[in-house]
Chemist: 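Here it is, the structure, as structure tokens.
Below, chain A is the first sequence line, B the second, and so on; all start at residue 1. Quick note: numbers below take in every heavy atom, side chains included, and nothing from hydrogens, waters or symmetry partners.
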Number of protein chains: 2
Amino acid sequence: MSCQLKESNEGILVSNAKELQDAISKAQPGTSIVMANGQWENVEIRLVAKGTEDQPITLRAETPGEVIIQGQSDLKLGGEYLVVDGLYFTNGASPSESVIQFFINKDTLANNSRVTNCVIKDFNKAQRNMTDLWVLFKGKYNQLDHCYLEGKSNRGPTIRVDLEGNESIRNYHKINDNYFGPRPPKGGPSAETIQIGNSSTSMTPSYTLVANNLFDRCNGEVEVISSKSNFNEFRGNVFYKSQGSLVTRHGNYCIVDGNYFIGDEDSPQVGGVRLIGTGHRVTNNYFYNLHGEIFRGPLAMMNGIRQPAVNRYFQVTDVVVAYNTWVNCSSPWQFGVGSNVDQKEVLPRSEIRSETPIRTLVVNNVIYNSEGDEMPIIRYDSIDGIDFKSNVINNQGVAFRGVNGLEKRDFSMRELEENIWVPTSDLSEIQAYYGFEFDQIDKDLFGNSRSESSSIGATNGARPEKPNIMDVSKYGPDWYNPSADDSAKETHAVSTAADFAKAMKSAQDGDIIELASERFEFNYSMVIDKKLTIKSAKPDSKVSLVYAGPAGTPAFEMNPKGKLTLNAIILSGSGENYAFATLKENMSGLYNLKVKDCELSDFDYVLKAYKYSFSEYISFESSLIKNCNNGIELSAEDDDRGEYNAENVYIVDCQFDRVNKNVIDYYRGGYDESTVGGNLLVRGSTFTQCGASEENGILINTYGIINVDISGNKFQNNPVEQVARLWGAKNNSHADNVITNSGALIVEENLPLKLMY
Amino acid sequence: MSCQLKESNEGILVSNAKELQDAISKAQPGTSIVMANGQWENVEIRLVAKGTEDQPITLRAETPGEVIIQGQSDLKLGGEYLVVDGLYFTNGASPSESVIQFFINKDTLANNSRVTNCVIKDFNKAQRNMTDLWVLFKGKYNQLDHCYLEGKSNRGPTIRVDLEGNESIRNYHKINDNYFGPRPPKGGPSAETIQIGNSSTSMTPSYTLVANNLFDRCNGEVEVISSKSNFNEFRGNVFYKSQGSLVTRHGNYCIVDGNYFIGDEDSPQVGGVRLIGTGHRVTNNYFYNLHGEIFRGPLAMMNGIRQPAVNRYFQVTDVVVAYNTWVNCSSPWQFGVGSNVDQKEVLPRSEIRSETPIRTLVVNNVIYNSEGDEMPIIRYDSIDGIDFKSNVINNQGVAFRGVNGLEKRDFSMRELEENIWVPTSDLSEIQAYYGFEFDQIDKDLFGNSRSESSSIGATNGARPEKPNIMDVSKYGPDWYNPSADDSAKETHAVSTAADFAKAMKSAQDGDIIELASERFEFNYSMVIDKKLTIKSAKPDSKVSLVYAGPAGTPAFEMNPKGKLTLNAIILSGSGENYAFATLKENMSGLYNLKVKDCELSDFDYVLKAYKYSFSEYISFESSLIKNCNNGIELSAEDDDRGEYNAENVYIVDCQFDRVNKNVIDYYRGGYDESTVGGNLLVRGSTFTQCGASEENGILINTYGIINVDISGNKFQNNPVEQVARLWGAKNNSHADNVITNSGALIVEENLPLKLMY
């Protein structure tokens with residue numbers, strides 16, 4: 001024992017990286033190393049040691065949550081029976097490929113080790129294209145539990161289980177009782193919350209358990225969980241308004257049992273379970289208020305490819321979907337999702353998803369709709385390979401195209417707690433179908449035994465206790481409250497340019513700047529790196545902002561986490577500078593922009609989004625945009641890998657006048673149906689004399705964007721060939737536009753696409 | 001119990017199908033049904049019943065081997081705990097898709113059931129393109145043991161384990177202590193002896209055990225065993241001069257432990273273990289006298305395809321090859337087999353086998369060559385992804401390109417029993433590499449514990465008992481002796497055409513017909529359906545046979561099992577009939593033809609092979625062939641699925657004179673590297689004035705044949721463009737030919753191929 005290290009009966013207290021390393025190098029089974037409270041900057045912890053089952057080696061915070069790991073820091077474990085407890089990673093990023101990982105190098109993995117009671121928050125690399133993981137599993141029998149992880153915005157799953165090498169298969173890792181806080185959309189693939197394996201290792205037996213976690217608005221991409229190996233289990237998790245699905249993407253024989261999928265009336269993005277492959281069992285799950293379609297369907301059972309490549313879509317075979325309940329979901333059952341045989345002329349054989357599910361059971365399920373659904377079952381292809389037995393639906397008498405084995409029945413339900421409905425009618429009189437190995441479905445959603453009492457649907461009919469699924473104290477560390485930092489917002493009234501500048505700097509996140517003079521002039525870019533509202537002090541009288549900064553610079557520079565609302569402002573430029581632009585690099589987090597009741601004029605660009613920048617919301621409402629060279633430019637992601645620059649773009653009740661090109665230029669390239677984003681709404685707006693310099697002859701460019709709605713607009717005297725060219729095969733629509741002397745608005749069913757695979 | 005059924009304390013004796021069915025329908029746990037000795041014709045046995053573990057239901061022969069099942073007969077089992085014992089299937093064929101199968105229909109499978117002590121011999125469908133199986137497994141925990149299976153010649157594996165449906169996975173079937181007698185080459189794919197799964201079900205956990213079987217000359221195709229699912233085990237089997245390999249074709253994590261692979265000095269066809277995929281463990285195996293190359297290498301570790309389709313070649317990853325011994329094998333280690341990156345210009349991306357083995361261990365192995373080998377390791381591609389440790393070789397001082405981890409060492413071996421050599425030197429002093437989970441390699445080849453004493457190589461260094469691997473009484477039923485029917489051969493001397501005809505009919509298999517006159521004339525086809533030799537009574541004086549039969553009919557009609565040797569015969573036709581031809585249909589077995597010291601003239605065809613016929617050996621030696629429209633025609637397999645009409649074709653020291661077309665026409669179409677056959681030798685022969693009517697301008701057509709050797713021949717004044725067009729990428733060669741006024745002999749590296757996948 002080094003005499004420099006203090007030891008108490010509670011462990012060896014260390015205060016800096018050197019002491020920490022020293023203590024680790026001397027650790028014996030039973031050693032407890034205690035990191036002193038405070039900020040640990042740029043610390044690369046390498047916990048390499050061998051504990052035993054009875055005497056693990058522990059690294060813990062002096063006080064949980066008060067050891068702040070920041071800067072360029074990470075934690076790597078190697079050895080046996082290690083425990084890490086109570087650390088808080090924030091204000092920094094990993095200098096390596098992961099923040100926490102269960103291995104040192106290929107010869108030194110961690111086994112039987114645990115990270116518990118920790119937080120990782122906003123610990124992002126500088127740009128979204130820079131890849132890392134927050135937790136990387138290798139080895140066997142490792143665990144992440146009672147942790148809180150929020151805000152990953154760069155490329156890479158939040159957690160990945162790596163299955164390369166015999167040392168990491170049959171791993172029996174546990175990921176349990178964690179709180180996965182919001183993950184913003186990334187605008188492209190590789191933003192799963194948990195990924196288990198990858199297609200190249202999808203033949204491995206994994207046996208990872210993901211249990212009792214809360215996934216709260218995990219919106220990173222279309223897959224919240226991407227299971228890519230065999231024999232994984234997903235039990236008792238709550239998916240709350242998360243814009244994605246639990247997907248058995250590769251690998252087979254997974255168990256999805258007793259999970260809650262809670263949606264949102266207003267969101268078509270929140271999904272349920274999407275199934276690909278063989279032998280999965282989906283049992284005792286509860287689906288509520290889900291309104292996703294196709295890939296995001298409440299139950300989305302896909303078509304596969306004939307003789308698929310290992311990284312493409314396998315046919316659904318031998319799958320069991322039993323004892324689940326869907327309440328108030330739109331089209332709860334969607335089969336043959338991804339069928340694209342109608343596109344076989346434009347796709348290579350290796351991309352044709354023609355193989356419908358076979359040898360598959362859908363039995364003993366309950367569907368309840370408090371308002372009838374005209375299409376509770378969507379068939380994208382034949383469902384002949386699926387056996388339906390002993391399912392019931394209460395569709396309030398609304399007619400629909402049913403199947404044998406789904407009985408219409410009048411039964412009632414009650415709300416047990418918010419979002420959770422259970423039958424009040426006795427459904428146990430319905431003879432459940434008893435299939436092969438159904439004895440293994442021995443408990444219901446709430447954990448009640450099905451052997452004493454059973455019923456079709458997720459709950460066995462016993463009088464249930466409330467599950468309290470949204471009691472957030474059940475998830476993550478005790479010491480961390482994710483909803484705590486709502487401080488009061490302040491309003492700063494400013495009358496001079498100098499005060500304006502000062503207020504912009506001193507304002508706190510969420511504050512409001514009120515402009516109390518008629519005109520402000522400034523010649524440097526205002527940095528927007530927090531949530532701010534800038535508005536006229538008098539709602540009915542707009543304030544002029546004149547930006548005199550150099551060519552190519554923006555009046556407002558959108559930084560990571562910058563969320564700007566402009567209200568009742570007349571913003572003008574020099575003709576060569578920009579109204580808004582992102583940083584050219586290091587956009588480590590997203591930005592938002594909302595412009596309402598404004599006038600923007602005389603800019604080279606209204607908005608210039610640079611590569612790797614990403615916005616969740618861009619909204620222009622009731623505003624006039626005129627005399628600009630370029631409009632809203634969101635097309636910097638040109639790698640054709642499914643990436644794009646903004647999730648939601650709303651243009652409502654605006655007027656565009658003499659915007660010469662790129663009036664709205666929004667781009668997503670590459671054939672990848674697993675990125676299903678880009679949302680553009682252009683409504684109630686007028687475009688006049690725009691597009692004069694547009695090289696491609698299209699006024700509103702939406703190439704590759706999945707969801708586009710152009711309706712109720714007027715296009716007058718725009719010298720372009722086309723107003724827009726929409727993608728018919730996707731969710732692109734137009735209606736009620738009045739087009740005068742402005743070219744055509746055309747729809748192409750199948751866009752020419754660059755194949756990624 | 002029906003009063004018509006006799007019951008003894010040994011069971012219920014049944015004498016016909018009705019009684020049998022009646023007894024089955026009434027069977028209770030413990031019931032034993034006894035089939036009366038005798039011939040059971042056209043009996044379709046449906047053994048559907050439920051026994052228990054303690055009280056199975058048994059169906060057995062009154063005397064094992066004396067219940068002959070023949071005609072259109074089969075056996076299907078459904079239920080639980082059934083035993084079938086002592087039946088003999090011969091002189092017939094299944095009317096269904098299999099002779100014995102462990103299921104009735106999709107709702108009635110057999111589980112925990114056993115077929116033991118039975119024989120299936122030559123029970124073939126009428127033509128080789130008609131598919132069936134001899135034993136089809138479904139369900140779980142079924143067993144085939146102590147059976148003898150010989151002579152399957154039609155399409156379809158001898159045994160297949162079917163893994164479709166959850167009821168048939170994790171099956172733990174056992175195939176043990178069987179004697180797999182000779183299976184002739186089929187001349188195309190789908191002639192495995194055992195296939196476990198298929199590519200579409202290759203993701204399933206199978207856990208089939210194949211143990212302690214003898215595979216005696218199982219030559220059906222390039223895969224003796226084709227493992228196409230996960231977690232199968234192959235233990236303690238003997239592969240004796242079987243022209244194929246044990247192949248982990250699809251699926252992963254198989255165990256190949258303690259098997260014997262015995263080759264033949266003269267055969268480049270006998271293979272060892274060929275590896276594809278992930279996580280296999282090849283341990284404690286013994287390889288002797290193997291001389292195969294590439295797909296048939298003693299150890300053939302393949303290259304995979306990047307992102308392969310499920311039915312193509314997966315990369316080798318995470319494989320362990322440890323504690324094996326190779327004795328007197330040519331190039332025992334062959335890596336990167338199937339690498340074809342040099343052909344990427346002519347192949348689609350989905351066929352490029354570019355991915356070399358990775359994360360793979362080759363450790364603790366022993367190589368011994370009593371004569372040094374210049375290339376014990378063949379690298380078809382990089383071996384950087386393989387770790388070699390603690391291997392030794394005695395190469396008798398012959399230099400070769402080695403690897404780190406393969407130590408040259410002088411040690412000696414002795415012959416423990418025929419084919420089995422063990423070290424006499426102590427190799428236990430060499431420090432074995434101890435890898436992940438090597439504790440599971442706890443026994444050696446002979447079953448001796450490695451914990452007390454261990455050594456690198458297949459044997460642990462303990463003084464071994466003889467394994468008696470070729471003691472055939474250890475395999476198959478006690479009551480059946482596969483080598484029994486060698487009766488004495490008879491010679492029939494005939495002087496008149498009538499006697500000749502009579503003798504041809506009355507002769508027994510293996511007999512000799514001696515022609516004692518100078519000339520015989522006949523005008524109907526002689527049927528050859530057994531092994532016969534026809535020769536001149538005086539070896540130095542040829543006998544004339546004049547065939548005057550109708551146009552299009554053959555002098556000798558080759559029937560299934562017909563094996564004709566013609567010796568010192570002058571055979572002539574009408575110019576419009578044939579010398580030899582197969583049946584046009586119902587060629588249920590193969591035929592052989594050997595022509596020596598003969599003269600053949602004035603035929604439309606010398607040999608006409610119809611579609612679906614197959615010959616293992618066709619040999620013309622020291623013979624003259626003249627004045628024929630067509631020569632040797634072996635090109636009826638035109639489906640381009642890898643099939644062909646003859647395995648071995650030898651033309652040695654012959655003379656071809658004025659054969660107008662199809663002089664030698666031998667064809668195998670389709671891109672399928674898993675059929676590696678067709679062998680043509682043309683040596684020491686002379687071709688003059690042949691090919692005058694040849695439409696394609698090629699004298700000797702060998703399109704698609706893998707092994708071709710044209711050497712030491714003379715080609716004089718043949719009016720063709722090309723003597724031959726050889727396939728450079730395959731084993732095609734030519735040498736020492738003298739070509740005069742006969743076109744060119746050309747070699748094309750890559751033939752244009754029709755892709756099958």
Chemist: Please round to the nearest 0.5 Å and tell me the distance separating atom CG of A:Asn166 and atom OH of B:Tyr253.
Modeler: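 If we round to the nearest 0.5 Å, A:Asn166:CG and B:Tyr253:OH are 6.0 Å apart.
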
Chemist: I'd like to verify something: which residue of B:Thr201, B:Asn230, B:Thr204 has the highest number of heavy-atom pairs under 4.5 Å with chain A?
Modeler: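 Option with the greatest count: B:Thr204.
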
Chemist: With sequence neighbours left out, write down each residue that passes ring-ring contact (aromatic ring centres under 6.0 Å, His included) with B:Phe388, or none if nothing qualifies.
Modeler: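 So B:Phe388 forms a ring-ring contact (aromatic ring centres under 6.0 Å, His included) with B:Trp333, B:Phe335.
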
Chemist: Hey, which of B:Ser199, B:Pro205, B:Gly435 has the most heavy atom pairs under 4.5 Å with chain A?
Modeler: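 Result: the option with the highest number of such pairs is B:Pro205.
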
Chemist: For B:Glu355, check side-chain contact (heavy atoms from CB on, under 4.5 Å) against everything at least two apart and list the hits.
Modeler: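 So B:Glu355 forms a side-chain contact (heavy atoms from CB on, under 4.5 Å) with B:Arg306, B:Gln315.
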
Chemist: Is it the case that atom CG in B:Asn404 sees more than 12 heavy atoms from other parts of the structure closer than 6.0 Å?
Modeler: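 No, because the 6.0 Å sphere around CG of B:Asn404 holds 12 heavy atoms or fewer from other groups.
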
Chemist: Measure distances from B:Ile305 to the heavy atoms of chain A and classify the residue's part below 4.5 Å as side chain, backbone, both or neither.
Modeler: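 Contact with chain A is absent: no heavy atom of B:Ile305 under 4.5 Å.
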
Chemist: Return the minimal non-hydrogen interatomic distance between B:Val310 and A:Gln307, and the atom names on each side.
Modeler: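 Closest approach of B:Val310 to A:Gln307, heavy atoms only: CG1-CA, 3.7 Å.
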
Chemist: Give the minimum heavy-atom separation between B:Arg170 and A:Phe231, together with the two atoms involved.
Modeler: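 So the minimum-distance heavy-atom pair works out to NH2-CE2, 3.3 Å.
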
Chemist: Top residue by heavy-atom pair count (under 4.5 Å) with chain B, among A:Met203, A:Glu437, A:Lys106?
Modeler: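 Result: the option with the highest number of such pairs is A:Met203.
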
Chemist: Main chain of B:Gly165, side chain of A:Asp318: is a donor-acceptor contact present, judged purely on distance under 3.5 Å?
Modeler: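 Yes: the side chain of A:Asp318 pairs with the backbone of B:Gly165.
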
Chemist: How long is the span from the CZ atom in A:Phe436 to the OG atom in B:Ser168, to the nearest 0.5 Å?
Modeler: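 Nearest 0.5 Å value for the CZ-OG distance: 8.0 Å.
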
Chemist: Does any backbone or side-chain atom of B:Thr317 lie under 4.5 Å from a heavy atom of chain A? Answer side chain, backbone, both or neither.
Modeler: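 B:Thr317 has no heavy atom closer than 4.5 Å to chain A.
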
